[in-house]
There are 2 protein chains.
Amino acid sequence: MLVDTGTFERSPHACHHGRSGEGCADCKVRLISVCSVLALAELEELEALSHHLTLDKGQTLFGQGEPAGSVYNVIDGALRLTRLLPDGRRQVMGFALPGDFLGLALQERYSVSAEALGPVETCRFGREDFAEVMAAKPHLLKSLHERAGYELNLAQEQMLLLGRRTAEEKVVAFLLSLRDRYARTGHSSVTVELPMGRQDMADHLGLTIETVSRMLSRLDRAHAILLVPGGVRLLDVPRLERMAAS
Amino acid sequence: MLVDTGTFERSPHACHHGRSGEGCADCKVRLISVCSVLALAELEELEALSHHLTLDKGQTLFGQGEPAGSVYNVIDGALRLTRLLPDGRRQVMGFALPGDFLGLALQERYSVSAEALGPVETCRFGREDFAEVMAAKPHLLKSLHERAGYELNLAQEQMLLLGRRTAEEKVVAFLLSLRDRYARTGHSSVTVELPMGRQDMADHLGLTIETVSRMLSRLDRAHAILLVPGGVRLLDVPRLERMAAS
DNA sequence: CGTCCGATTGATACTCATCAATACCAGTGG
DNA sequence: CCACTGGTATTGATGAGTATCAATCGGACG
């Protein structure tokens, strides 16, 4: 069931062989990724093990159940993380954005599939390599563990949403949480980009595509948001926050 | 909003002051808890920091949002882990059983409330104390991280359940997952104990108490399960597994 | 025996899914 | 430039599944 992902990968160590502006030190997401806890010397050490990897829209970074051979830092773009039921029903567990770390559970097999929502840039490490570095650097492990705690928190938030919120609350809460995540990485704005399609949102919120569309239309008609191509503009954040019932 | 939990705690170090059969080495859950990765010498070190703590049914171990002053090993009994929406809607994130570790995210504040479903026995550590020990023992941190990965996996499973399964599938999947968890801790049996009430199950599965009750009755009438006081007997596991659509 | 609390069962209402048609938009080729 | 195509989003009509409301049951306990 593996499709040819046709990813493009530079040769290992590409970053530090004299190319300008490509090293980890200049990395766009250095300060918001796990790498932020590393000293410069450590960074170089890790850099020697890194592989730059890019994907196009729709390509699969890894599939649910596959042996987890690599871990990844997302540098640019967005991915969706999905689980499938045998009969095809799909749940989108979340979306990975720049600065996120994929594979932080360090398990034998990937528990989700990761697919690019658009052009994506990642920094790949062999799992063995990374595990070795981590064994030598407890503060890196600690940082990873903190991220895991954060992920667990998000997962709980999402469970609450899926189990106890109405369709409208789900959509509103999703828009606000996306805005918060963008804000944390610097891109603060009233206009929230939606790199995923309606079906992805639906599968994330436990709804159908039609219901998501209806709720967005309704919010638009109520002038709480403004639908724009590729995203939404949040017009009345206080009202949205009340609607989300968080 | 803090109720008097009225918990009973022995004086610190109670375990190793000559009392027989009370040390960590004899701990009932030693081999299935995080402590399983510790050598005997390390175990004694940790034991010096441990506090034995018991709760009665309904008592709160800690509340959502409170500063996370302690972490806990569950020795006996069961707790429910809940999150509340401002308007009172409740989501049960999961149930803690013997061998489980509470507070493994090591965050500033508890992200859930933990309430005893019956008599509960725990092993408490001050968060600072535990963090210190962990800083000195990377393999303990690694073990905790692995547990976090496992929790994350469970959380994803639950998201899939909440978002994409029908009421019947939810109830069946819940019964089977409980059986699996009991099996992992040794208590393998076709009779699955249900230490939680119907409302707890409902709040865990994103249903109402009535729907849970109806589904259980229906399964009983269909001779897939047998409702017994305090639990269920799984009569036709293969069929249940088909119904769960996992 | 009566009370209390949780569980079960029934009748009805409502939210959201389903089915279906249409609109929109980007790309492609005539 | 404009028709055609495929994919995605929107909108509408209807129905299924589950929530809600209400009554009854059943066991534990005083």
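The CD1-P distance, from A/Ile209 to C/dA20, rounds to 17 Å in whole Å. Computed from coordinates, the B/Lys57 NZ to C/dC5 P distance equals 12 Å when rounded to whole Å. One interatomic measurement links the two molecules: CD of B/Gln199 to P of C/dA7, which rounds to 8 Å at whole-angstrom precision. In this entry the distance linking CG of B/Leu216 with P of C/dT9 reads 10 Å, nearest Å. For the pair A/Asp200 CG and D/dA9 P, the interatomic distance rounds to 8 Å; values are reported in whole Å. Rounded to a whole Å, the CE atom of A/Met196 is 15 Å from the P atom of D/dT8. Between the C1' atom of D/dG17 and the CG atom of B/Leu205 lies a distance of 16 Å, rounded to the nearest Å. Separating the CZ atom of A/Arg198 from the P atom of D/dT11 is a distance of 10 Å, rounded to the nearest angstrom.
Of the possible polar contacts, one joining the B/Arg89 side chain to the A/Arg164 backbone as a donor-acceptor pair under 3.5 Å is found. Side-chain atoms of A/Arg80 do not come within 3.5 Å of backbone N or O of A/Met201 as any donor-acceptor pair. Formation of a donor-acceptor pair under 3.5 Å by the A/Ser113 side chain with backbone atoms of A/Gln64 is found in this model.
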What does the B/S/- profile of nucleotides 24-30 of chain D look like, 5' to 3', with a 4.0 Å heavy-atom cutoff to protein?
-------
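When the nucleotides C/dT9, C/dC16, D/dA9 are ranked by their closest atom to the side chain of A/Thr166, C/dC16 comes out on top.
Side-chain atoms of B/Arg214 come within donor-acceptor range of the base of C/dG10, with a qualifying N/O pair under 3.5 Å. Side-chain to base pairing of A/Glu210 with C/dC16: no donor and acceptor N or O lie closer than 3.5 Å to each other.
Here A/Thr211 reaches the OP1 or OP2 of C/dA17: one of its side-chain N or O atoms lies under 4.0 Å away. Here A/Ser217 reaches the OP1 or OP2 of D/dT11: one of its side-chain N or O atoms lies under 4.0 Å away. OP1 and OP2 of D/dT18 both lie 4.0 Å or more from every side-chain N or O belonging to B/Thr208.
DNA chain D is contacted by both A/Leu227 and A/Arg164; A/Leu227 maps to the nucleotide lying nearer its 5′ end (nearest heavy atom per residue).
With 3.5 Å as the limit, one finds a donor-acceptor pair spanning the side chains of A/Gln199 and A/Asp203.
Using a 30° and 60° split on the angle between ring planes, B/His204 and B/Phe174 fall in the perpendicular class, above 60°.
At a threshold of 4.0 angstrom between heavy atoms, the contacts of B/Leu207 are confined to the sugar-phosphate backbone, with no base atom among them. Contact annotation for B/Gly206: backbone-only contact, meaning every heavy-atom pair under 4.0 Å involves sugar-phosphate atoms and none involves a base.
With a 6.0 Å cutoff to the six-membered ring centre and a 45° limit on the axis angle, B/Arg184 counts as a cation-pi contact of B/Tyr150.
Between A/Val29 and A/Thr185, every side-chain heavy-atom pair lies at or beyond the 4.5 Å cut-off.
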